[in-house]
Q: 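Supplied in structure tokens, the structure appears directly below.
When a residue number appears, it is its place in the shown sequence, counting from 1. Both counts, for ligands and for their atoms, begin at 1 and track the order of listing. Only heavy atoms go into these numbers, but all of them, side chains included; no hydrogens, no water, no symmetry mates.
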Amino acid sequence: MPRDSVKIGLLGMGTVGGGVAALLARSDGLLRERTDIDFVIKRVLVRDPSRKRAVELPPSVFTTAAADVLDDPEIDVVVELIGGIEPARTYITAALQRGKYVVTANKDLMAQHGAELLELARRFNRNIFYEAAVGGGIPLLRPLKHCLVANRIKRIIGIINGTTNYILTRMSQDDMEFDAALAQAQALGFAEADPANDLDGLDAAYKLAILAGLAFHSRIDAGAIFVQGIRDVTRQDIHYARDLGYTVKLLALGERCGCDRVGDTLALRVHPTLVPLDHPLAAVHNEFNAVFLEGDAVGEVMLYGRGAGAAPTASAVLADLVDAARCLRSELENGVMESKFKPEALLPMSALSSRFYLRLLASDRPGVFGALATAFGDEQISLDMIIQKRSEAGVAEIVLVTHQVSEENFSRALKRVTALPAIQPRYSIFRVLS
Ligand code: NDP
Ligand code: HSE
């Protein structure tokens, strides 16, 4: 069999780019043995060529001019590991127009502009491989595209952000402060360049848009996904949740629902969730991710592994590189299946129902429980548990968990409750996994 050489242009060599170069150096013999292909990093685009890198490459490989990568006719595959929308979008567009295959780990870009970029790839008879964009090293997109293609997927439930799962785990297991746990996640290379996307749930929403697109064969508007991040989760809530038999996780949920009002449609949301301690997702700790899928034929499937970090993510990037090389050698069909997906509206949050956890601070005086019960009762909300946790300086902490209730009714009841003179304006509210 002929031994080919595939020349790579790396855009970015930070956490993931460094991991790719390191794994390529480490697994060079292995990949050559398995594919008969030499993978060679020809040029690397960075901002600061003087920065120390995870792997030493000849200084002449580094450049700060994108054209040195994009206009080099010898470069077959461009691997985009800069992140964010621009200049990544412009560079990927240019790479496809010059006939190069593209590999990327960029969920922000694929969730928001994936449809247009994949269409461009199809027009130029090329493809974009983005396995690393969701779940780091866990094979998620290929199983959805290939192994589960004969299923109608009913439901996805996932922990798909390593940074927030790391923070919640450290807060829960070590009683660590939020900021200290975030600093550790950043030092370990899990967090985005701007960790706001992790903390505010946007990173998980982008990944959910990608996953749900492939699971439900639809074009998802990532901006329409309901998102609540983890900034409001306190150690106190984590303690109370544990007392009640739950742990707190940032979940991404996708479901195809039949709804009387709007017919068969999709509901997608990301929010901190109380997960029962005996649920398998409660045992997913640190930067690990897990995704539950339910297909009509296969039943339940759970995929689990490291969702962030240099080496796990590099593992997915190299797999994509191998697929791109196989397309170049015509060993793989170059089909862009996403081109067939049609846009699909999402069900508004107000049309869904949930169980809720609510922690309130109230003046410790007679009649408060009664007023709460009336506000909830009037909105047809039945309470599963209600506990007065503590009373200090005349202020009582009340924690309650509802049964399954309509989101609309709950927000009306919450408005009434927080307007009561005895209730303080600060409260915590999280959904509970049924
Ligand atoms: P880093 O911030 O560690 O690295 C970014 C790299 O891009 C750096 O080498 C930087 O150069 C370079 N860069 C940034 N802006 C420019 C620019 N304008 N022009 C040229 N080069 C630029 O990011 P990560 O490696 O963590 O993430 C890369 C991508 O992978 C992102 O899309 C991220 O979401 C995704 N991802 C990250 C994971 C992780 O665990 N970290 C896991 C899965 C996906 P310089 O080094 O000179 O500053
Ligand atoms: N910041 C992301 C996370 C990296 O923490 O999950 C992996 O996509």
Side-chain angles (χ1 to χ4, degrees), residues 9-22 43-55 57 62-70 78-92 103-112 130-138 140-141 158-169 181-182 184-208 210-211 229-230 250 252 270 284 286-291 305-317 320:
L10 267 190
L11 304 179
M13 198 172 167
T15 302
V16 181
V20 167
R43 297 308 298 266
V44 179
L45 175 75
V46 288
R47 277 178 304 205
D48 176 6
S50 67
R51 223 181 105 184
K52 193 164 166 37
R53 306 285 160 183
V55 172
L57 295 174
F62 290 97
T63 176
T64 55
D68 288 343
V69 179
L70 301 170
V78 166
V79 180
E80 184 278 309
L81 299 169
I82 293 175
I85 303 301
E86 286 297 349
R89 181 185 180 189
T90 301
Y91 294 165
I92 288 180
V103 173
T104 179
N106 191 333
K107 50 279 164 120
D108 305 40
L109 186 63
M110 291 311 288
Q112 297 177 84
Y130 52 104
E131 181 66 62
V134 186
I138 313 172
L140 280 173
L141 307 192
I159 293 173
I160 50 177
N161 181 268
T163 301
T164 47
N165 202 43
Y166 185 87
I167 293 171
L168 293 172
T169 304
L182 169 61
Q184 278 194 0
Q186 288 178 297
L188 290 164
F190 307 147
E192 295 302 301
D194 176 1
N197 273 13
D198 295 298
L199 304 179
D200 296 330
L202 285 174
D203 179 84
Y206 292 145
K207 291 167 176 168
L208 178 61
I210 294 170
L211 270 184
I230 67 156
L250 183 72
V270 171
V284 178
N286 296 315
E287 80 275 26
F288 279 80
N289 284 192
V291 175
R306 281 198 162 81
T313 310
S315 155
V317 171
D320 278 352

Q: Can you tell me if T104 and N106 form a side-chain donor-acceptor pair at under 3.5 Å?
A: no
Q: List the protein residues in contact with ligand 1, where contact means a heavy-atom separation under 4.0 angstrom.
A: G12, M13, G14, T15, V16, L45, V46, R47, D48, R51, R53, L81, I82, G83, P87, A105, N106, K107, A132, G189, E192, A308, G309, T313
Q: Would you indicate whether the side-chain heavy atoms of P195 and T163 approach each other to under 4.5 Å?
A: no
Q: How close do A105 and L81 get, counting heavy atoms only, and between which atoms?
A: CB-CD2, 3.7 Å
Q: Does the side chain of Q184 come under 3.5 Å of the side chain of Y166 through a donor N or O and an acceptor N or O?
A: yes
Q: What's the spacing between L11 CG and I82 CD1 if we round to 0.5 Å?
A: 5.0 Å
Q: Checking side-chain polar atoms at under 3.5 Å, does N197 have a donor or acceptor matched by the opposite partner on D203?
A: no
Q: Near ligand 2, which protein residues have a heavy atom under 4.0 Å away?
A: K107, N161, G162, T163, F190, A191, E192, D198, D203, K207, G307, A308
Q: Are E192 and K107 ion-paired here, with the side-chain N under 4.0 Å from a carboxylate O?
A: yes
Q: Any side-chain heavy atom of F62 sitting closer than 4.5 Å to one from R53?
A: yes
Q: Are any of the side-chain heavy atoms of Y206 and M110 separated by less than 4.5 Å?
A: no
